[in-house]
2 protein chains.
Amino acid sequence: MPTLQDVARHAGVSTATVSKVLSNTPYFTEETRLKVMQAVEELGYVPNLAARALSRGKTQIIAVVFPYIYDAIFTDPLVLRILEGIEAEATQHGYNLLLSTPRLTADGPDAHYRRLVQSGYIDGVIALDNVPVASVIKPLRKKKVPHVVIGYHESAYSVCSDDYSGGRQLMEYILSLGHTRIGIITVPIDMNYALNERVRGLQAVAAEHGIDMARMPTVYGDFSVVSGIRGAAELLELDQGLTALICLNDRMAMGAIQHIVQSGRRVPQDISVAGYDDIPTAATFSPPLTTVNQHAPEQGQMAAQLLFAILNHKTPTPVLLPVTLIPRSSAAAPRSLE
Amino acid sequence: MPTLQDVARHAGVSTATVSKVLSNTPYFTEETRLKVMQAVEELGYVPNLAARALSRGKTQIIAVVFPYIYDAIFTDPLVLRILEGIEAEATQHGYNLLLSTPRLTADGPDAHYRRLVQSGYIDGVIALDNVPVASVIKPLRKKKVPHVVIGYHESAYSVCSDDYSGGRQLMEYILSLGHTRIGIITVPIDMNYALNERVRGLQAVAAEHGIDMARMPTVYGDFSVVSGIRGAAELLELDQGLTALICLNDRMAMGAIQHIVQSGRRVPQDISVAGYDDIPTAATFSPPLTTVNQHAPEQGQMAAQLLFAILNHKTPTPVLLPVTLIPRSSAAAPRSLE
DNA sequence: TAACAATAGTTAACCGCTTAACTATAAGCA
DNA sequence: TGCTTATAGTTAAGCGGTTAACTATTGTTA
């Protein structure tokens with residue numbers, strides 16, 4: 001591996017000059033530039049990033065932190081789409097992505113993560129942090145590592161999807177179809193801030209329509225398809241007459257549909273089902289799922305943009321990304337209205 | 001940020017001693033160990049990884065390379081599961097993961113990737129490379145970067161799933177159910193080595209049963225759900241009497257089922273459908289998908305193990321991982337046999 | 001023409017850690 | 001006791017870049 005030294009010798013100049021040429025720092029002639037570039041070319045020189053990192057105090061690496069809970073990172077298609085957005089932006093800025101999936105324990109993220117954060121190996125962090133417990137943010141704040149959070153998190157630059165509005169739109173739509181007997185599948189309260197917001201949205205609209213959502217049969221899942229199956233079963237046991245199920249993510253909605261179909265009912269003819277997230281398979285599910293698209297790649301992209309702004313010593317403003325209701329055929333007017 | 005120097009001063013010893021204690025290199029007393037550790041504790045010292053990398057010539061980073069084609073990385077659930085396996089193994093060994101998704105052009109992977117490879121910033125690479133064009137491996141081999149390939153690739157340490165056997169098992173199973181009029185949805189030949197193997201497996205078993213697979217209606221998709229929908233439509237146009245569809249990945253199988261159901265037929269009563277991959281949603285699809293599980297996390301894990309073996313100057317043996325046929329309800333005996 | 005500024009390039013210190021080479025002390029052994 | 005050997009710790013030279021401080025040259029201006 002040729003070094004700067006080698007290039008300098010080969011080109012007959014000093015290392016400082018080579019460095020200047022390569023980093024385009026003023027004060028060299030076109031002639032030396034050519035000499036240097038030729039030497040670089042001939043030797044196949046590529047700067048050693050570790051040396052550069054040590055010297056500059058910057059690594060050109062940003063860490064993408066997905067806390068390891070419910071092994072969500074590797075199961076949740078949405079997370080992947082966010083990553084896609086981050087990747088696109090980072091690549092464009094010439095940054096590399098380090099993937100970190102800290103394990104969360106009662107007293108915070110694991111040691112490996114805490115060391116990474118302080119190791120000077122990363123210029124910044126984009127964290128997915130919607131979970132109240134054991135925040136991965138705290139160590140970052142403490143060590144003043146530039147970071148952006150995707151999720152609801154006070155006192156940090158953040159990118160949020162407008163989950164409140166999403167919840168509102170969902171309830172608005174289901175009510176507008178004419179449903180009155182609605183079941184809810186959500187997750188335990190305060191398990192996830194985003195879900196809290198969605199629930200707030202649902203409640204607000206229900207209230208505006210003079211309905212107390214506390215009266216609606218509600219069961220709790222854990223985001224997974226199976227928990228959706230179970231949830232639907234529980235709901236239909238609670239109330240046989242439900243005409244619509246609002247599930248606060250798509251996978252639970254898919255599970256719910258499954259249970260409904262298997263129990264001999266049809267979607268949406270007998271029961272309407274709506275999800276949330278618009279994961280890639282939602283459009284091609286059977287029936288295609290009515291859901292809320294939260295523009296995951298854009299979330300990732302915005303987060304990366306915020307981070308790069310911070311790294312350039314600008315002060316970005318937090319972002320609240322709009323969501324879009326996607327009406328598909330899994331939800332329709334109840335039969336009583338037909 | 002305190003440095004080794006600071007710790008040394010604080011503990012009243014030399015930097016060499018501190019370094020030795022921390023890296024557990026022989027020749028220090030328990031007493032000095034305690035002194036050093038206390039100083040580390042009190043100062044909250046964490047080693048600077050860039051400096052360590054420069055000095056040691058090792059970064060403790062391995063790159064996971066998923067070439068950016070058909071944006072598969074961010075859509076294919078299987079890729080994610082492989083990543084999961086890699087992550088688990090890497091975390092355990094104290095390595096960090098760098099995610100690289102090089103764009104492929106006619107003359108190889110993009111420049112950013114080629115520089116990364118030579119930058120000395122990564123100790124090794126795990127690459128997903130089943131695609132004949134523009135190999136990401138070549139630069140690695142040229143620069144002697146330790147690497148492991150997941151996929152069929154000559155002249156490199158590799159982890160392969162036994163796609164040939166998978167193809168065999170699939171055809172064996174469908175034939176054993178009694179199907180004789182079988183349609184195939186695959187991808188264009190030589191687009192992906194793994195798929196080639198699966199097709200070889202199908203053909204071999206067909207031949208053993210005295211059937212020429214070339215006679216079976218065959219159409220080509222691109223892995224996506226929509227291409228499965230289209231593929232099924234084409235197949236059923238070619239031959240109304242098909243009783244089984246073999247799709248060489250799950251997403252196309254899901255698309256096929258969708259088309260079949262939408263066109264008023266039932267799965268498996270009218271037409272059986274089988275997929276390949278056993279992606280997370282296959283089990284909870286409606287109907288649950290008969291498919292082949294290729295143990296994706298294990299692939300990732302094995303690849304990581306091979307890489308760590310190489311990094312420890314051992315010579316690992318390439319791995320061919322077995323696959324498992326998962327019979328579920330999307331495939332059954334044809335009605336003619338009932 | 002002298003004084004000064006701008007330009008082109010060099011030297012060497014520095015980033016923070018590792019480690020070979022070295023010194024000092026204690027232990028082992030004939 | 002004297003000599004070797006193992007142990008404990010230190011010094012200082014890298015690793016490969018960046019950059020402040022410096023020198024040398026050319027151009028500008030009064």
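Numbers restart at 1 for each chain; the letters A, B, ... are given by sequence-line order, proteins then strands.
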With sequence neighbours excluded, give me every ring-ring contact (aromatic ring centres under 6.0 Å, His included) pair touching residues 75-95 of chain B.
->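 For residues 75-95 of chain B, and leaving out neighbouring residues, the ring-ring contact (aromatic ring centres under 6.0 Å, His included) pairs sorted by first residue read B:H93-B:F308, B:Y95-B:F308.
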Of all pairs that satisfy ring-ring contact (aromatic ring centres under 6.0 Å, His included), the ones with a partner from residues 11-50 of chain B, not counting sequence neighbours |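 Residue pairs with at least one partner in residues 11-50 of chain B: there are none.
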Do B:R9 and B:E42 sit within salt-bridge range, that is, some charged N less than 4.0 Å from a carboxylate O?
-> no
Using only atom types and a distance under 3.5 Å, with no angle test, would you say the side chain of [X] pairs donor to acceptor with the backbone of [Y]?
X: A:R103; Y: A:T101; value: yes
X: A:Q5; Y: A:T15; value: no
X: A:T17; Y: A:V13; value: no

Between A:I150 and A:D129, does a side-chain contact (heavy atoms from CB on, under 4.5 Å) hold up when you go through it step by step?
-> CA-CA 6 Å; A:I150 299 178; A:D129 196 48; over 6 Å; no
Compute the angle between the rotation axes at the two ends of the helix from C:dT1-D:dA30 to C:dA30-D:dT1, each taken over five pairs, rounded to 10 degrees.
-> 40°
Derivation of the side-chain contact (heavy atoms from CB on, under 4.5 Å) call for A:I122 and A:L116 | CA-CA 8 Å; A:I122 49 183; A:L116 178 67; 4.3 Å; yes
For atom NZ of A:K143, is the number of surrounding heavy atoms from other residues, nucleotides or ligands below 6.0 Å larger than 12?
-> yes
Report, as yes or no, whether the 6.0 Å neighbourhood of atom CD on B:E30 holds more than 12 heavy atoms from other residues, nucleotides or ligands.
->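 Yes, enclosed.
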Quick one: how far along DNA chain C does chain B reach, first to last nucleotide 5' to 3', anything under 4.0 Å to a heavy atom?
-> C:dG16 to C:dT19
Could you list the protein-to-nucleotides 23-28 of chain D atom pairs, N/O on both sides, closer than 3.5 Å?
none

Can you name the atoms? Protein N/O to nucleotides 13-20 of chain D N/O, anything below 3.5 Å, with the distance.
| residue | atom | partner | partner atom | Å |
| --- | --- | --- | --- | --- |
| D:dG14 | N2 | B:S55 | OG | 3.3 |
| D:dG17 | OP1 | A:Y45 | OH | 3.3 |
| D:dG17 | OP1 | A:N48 | N | 3.4 |
| D:dG17 | OP2 | A:L4 | N | 2.6 |
| D:dG17 | O5' | A:Y45 | OH | 2.9 |
| D:dG17 | N2 | A:S55 | OG | 3.3 |
| D:dT18 | OP1 | A:R52 | NE | 2.9 |
| D:dT18 | OP1 | A:R52 | NH2 | 3.4 |
| D:dT18 | OP2 | A:S19 | OG | 2.6 |
| D:dT18 | O4' | A:S55 | OG | 2.5 |

Looking for any heavy atom pair under 4.0 Å, which part of the strands does B:F28 touch: base, sugar-phosphate only, or nothing?
->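 Sugar-phosphate only.
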For side-chain hydrogen bond (donor to acceptor under 3.5 Å, both in side chains), just list the numbers for B:Y121 and A:N48, CA-CA rounded to whole Å, side-chain angles, deciding distance to a tenth of an Å, and then say yes or no.
-> CA-CA 7 Å; B:Y121 225 27; A:N48 179 308; over 6 Å; no
Is it true that the side chains of A:Y68 and A:D110 contain a donor and an acceptor less than 3.5 Å apart?
-> no
